[in-house]
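Given the structure is predicted, the values throughout are model-derived calculations rather than measurements. Because only heavy atoms are used, hydrogens play no part in the values below, and waters and symmetry mates are left out as well, while side chains stay in.
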Amino acid sequence: MIGTLIGFAQILLLALAAPLVSGATRWMRAKMQTRKGPPILQDYYDIIKLFKREDIHTKESSLIHRIMPALFTTTLLLLAMGIPTLTRGCPLPFMGDFILIIYLLALPRFFFALSAVDSGSSYAGIGGIRELIIGILCEPVMLLALFVTMLATGTTNIGFMGDAIASGAVVNPIAVTLAGIAFACACYIELGKLPYDLAEAEQELQEGPLSEYSGPSLALLKMSLSMKQIIIVSWLIAIFLPFGSAVELTLPALALGLVFYLLKVFAIFFICTIIENVVSRVRYKLLGHQTGVVFGIAAFAFVFFLLGM
């Protein structure tokens with residue numbers, strides 16, 4: 001019962017904070033570039049404005065294009081309920097399996113790309129195919145990194161993984177460290193940051209699948225994309241940076257866990273903002289080269305695990 005309540009609290013926390021985090025990262029990057037930038041609450045203004053507008057779809061689109069925003073949002077809300085944020089363990093233990101989380105993250109990606117092709121727009125279709133390519137390049141890295149962590153901790157539950165790392169029960173520290181580095185790099189690519197993407201540039205191919213959406217559907221997608229960023233960061237925190245999370249389900253422990261969680265989220269997004277300000281755009285075809293290097297780090301983590309290090 002308590003776990004279910006914490007899960008619903010996490011849904012409210014992540015859903016309400018997602019536009020704030022997105023707006024804050026753009027504001028920080030603007031300040032680092034000595035620009036005024038948009039207000040921190042700009043994403044809230046945009047979402048409210050879009051909910052007041054008409055929902056229009058192309059004549060060529062089918063049911064897939066219409067249900068995708070609701071499917072995308074529902075899947076992310078389910079993930080927000082299961083991934084541990086305030087606590088060390090998963091609020092809903094059956095939602096903590098990393099293989100299930102990988103599949104749940106792949107589901108909205110698939111329908112996101114499928115709806116882009118279904119819209120009948122060639123520009124949206126190219127953006128949808130590009131989204132699938134990112135999944136093909138990043139998901140194997142995540143799977144291998146988490147597979148190594150699973151072998152080192154003896155569990156597929158991300159809450160138990162984080163607890164084992166925090167308590168020092170891992171007997172292969174070098175392997176887990178390399179797996180964490182590879183996983184963090186893959187998460188950064190998934191966030192849609194420079195040098196490969198510019199999240200607020202509406203004419204980028206990353207925004208192509210959104211080009212045929214409007215009104216409430218577009219509002220749900222914008223909110224969901226911001227939520228996806230927080231969920232990916234929360235996933236990284238739950239496994240490899242669980243320090244400070246609540247071990248006991250008491251009010252003081254949960255409050256302290258919330259403070260630590262917010263500090264870690266802010267620190268990660270701040271580091272991402274610094275990286276965005278010190279790198280420049282690169283050609284998209286180089287993404288495969290970079291993910292190859294990251295996959296190599298994950299492979300080295302597996303080798304070190306086999307060596308018992």
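The distance from atom CD1 of Ile165 to atom CD1 of Ile158, rounded to the nearest 0.5 Å, is 11.0 Å. In this structure, the separation between CD1 on Ile231 and SG on Cys187 is 12.0 Å, given to the nearest 0.5 Å. In this structure, Thr74 OG1 and Leu107 CG are separated by 10.5 Å, a value rounded to the nearest 0.5 Å. Atom CG of residue Leu236 and atom CE of residue Met142 lie 9.0 Å apart, to the nearest 0.5 angstrom. One finds the OG atom of Ser224 at 10.0 Å from the CG atom of Leu71 (value rounded to the nearest 0.5 Å). Rounding to the nearest 0.5 Å gives a distance of 8.0 Å between OG of Ser245 and CG of Leu86.
Closest heavy-atom contact between Ala186 and Val141: CB-CG1, 4.0 Å. Nearest heavy atoms, Pro242 versus Ala238: CB-O, 3.7 Å. Residue Cys90 comes nearest to Gly159 through the heavy atom pair SG-N, 3.7 Å, listed as atom of the first residue, atom of the second, then distance. For Ser214 against Asp55, the heavy-atom pair with the smallest separation is O-OD1, 3.3 Å. Ser226 and Asp43 get closest at one heavy-atom pair: OG-OD2, 4.2 Å. Of all the heavy atoms in Ser167 and Ala164, the pair that sits closest is OG-O, 3.3 Å.
There is no path of hydrophobic side-chain contacts, each under 4.5 Å, that joins Leu20 to Ile47. Val21 is not connected to Val259 by any chain of hydrophobic side-chain contacts under 4.5 Å among Ile, Leu, Val, Met, Phe, Trp and Tyr, and they are in different clusters. Val247 and Leu262 are assigned to two separate hydrophobic clusters, defined by single-linkage of ILVMFWY side chains at heavy-atom distances under 4.5 Å. Note on Leu220: it does not cluster hydrophobically with Leu79, by side-chain heavy-atom contacts below 4.5 Å among ILVMFWY residues. Using a 4.5 Å cut-off between side-chain heavy atoms of Ile, Leu, Val, Met, Phe, Trp and Tyr, with links allowed through other members, Ile48 and Met223 fall into different hydrophobic clusters.
The side-chain heavy atoms of Phe240 and Val176, taken from C-beta on, include a pair separated by under 4.5 Å. Using a 4.5 Å cut-off on side-chain heavy atoms (C-beta onward), Thr155 and Met161 make contact. Between Leu146 and Phe183 there is a side-chain heavy-atom pair separated by less than 4.5 Å. Side chains of Met32 and Glu276 form no contact here, defined as non-hydrogen atoms less than 4.5 Å apart. Under the 4.5 Å side-chain criterion, counting only non-hydrogen atoms from C-beta, Leu254 is in contact with Ile6. In this structure, the side chains of Cys272 and Leu191 come closer than 4.5 Å at one or more pairs of heavy atoms. By the 4.5 Å heavy-atom criterion applied to side chains, Asn277 and Arg29 are counted as neighbours. Contact annotation: the side chain of Val148 never approaches that of Leu178 to less than 4.5 Å [non-hydrogen atoms, C-beta and beyond].
Remark: Arg109 engages Glu190 in a salt bridge, criterion side-chain N to carboxylate O under 4.0 Å.
The closest donor-acceptor contact from the side chain of Thr73 to the backbone of Ala70 lies at 3.5 Å or more, if one exists at all. Side-chain atoms of Arg66 come within 3.5 Å of backbone atoms of Ser62 as a donor-acceptor pair (strictly under, hydrogens ignored). Although no hydrogens or angles enter the test, the distance criterion places no donor-acceptor pair under 3.5 Å between the side chain of Ser22 and the main chain of Ala18. Remark: the backbone N or O of Ala175 is not paired with any side-chain donor or acceptor of Asn172 at under 3.5 angstrom.
Aromatic ring centroids of Phe243 and Phe260 lie 6.0 Å or more apart. Remark: aromatic rings of Phe111 and Phe72 are distant, center separation not under 6.0 Å.
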### Query
Could you walk me through whether Trp27 and Arg35 pass the side chain to side chain contact (heavy atoms under 4.5 Å, CB included) check?
CA-CA 9 Å; Trp27 179 83; Arg35 295 186 290 111; over 6 Å; no
### Task
Give the intermediate values and the outcome of side chain to side chain contact (heavy atoms under 4.5 Å, CB included) for residues Arg53 and Leu218.
CA-CA 10 Å; Arg53 293 187 174 178; Leu218 183 57; over 6 Å; no
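More than 12 non-hydrogen atoms from other residues, nucleotides or ligands lie less than 6.0 angstrom from CZ of Phe305. Few gaps surround CZ on Phe51; more than 12 heavy atoms of other groups in view lie less than 6.0 Å from it.
Ring pair Phe304/Phe300 is tilted by interplanar angle, where 30° to 60° counts as tilted. Ring geometry for His65 versus Tyr213: interplanar angle under 30°, hence parallel rather than tilted (30 to 60°).
Legend: side-chain hydrogen bond (donor to acceptor under 3.5 Å, both in side chains) pairs involving residues 83-96, not counting sequence neighbours, sorted by first then second residue: Gln10-Thr85, Arg88-Asp163. The side-chain hydrogen bond (donor to acceptor under 3.5 Å, both in side chains) contacts involving residues 249-265 comprise Ser234-Tyr261, where partners must be two or more places apart or lie in separate chains.
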Name each donor-acceptor pair under 3.5 Å that joins a side chain in residues 94-106 to protein atoms two or more places apart or in another chain, with its distance.
from	atom 1	to	atom 2	distance (Å)
Asp97	OD1	Ile99	N	2.9
Asp97	OD1	Leu100	N	3.3
Asp97	OD2	Thr156	OG1	2.5

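With no hydrogens or angles considered, no side-chain donor-acceptor pair links Thr273 and Thr25 at under 3.5 Å.
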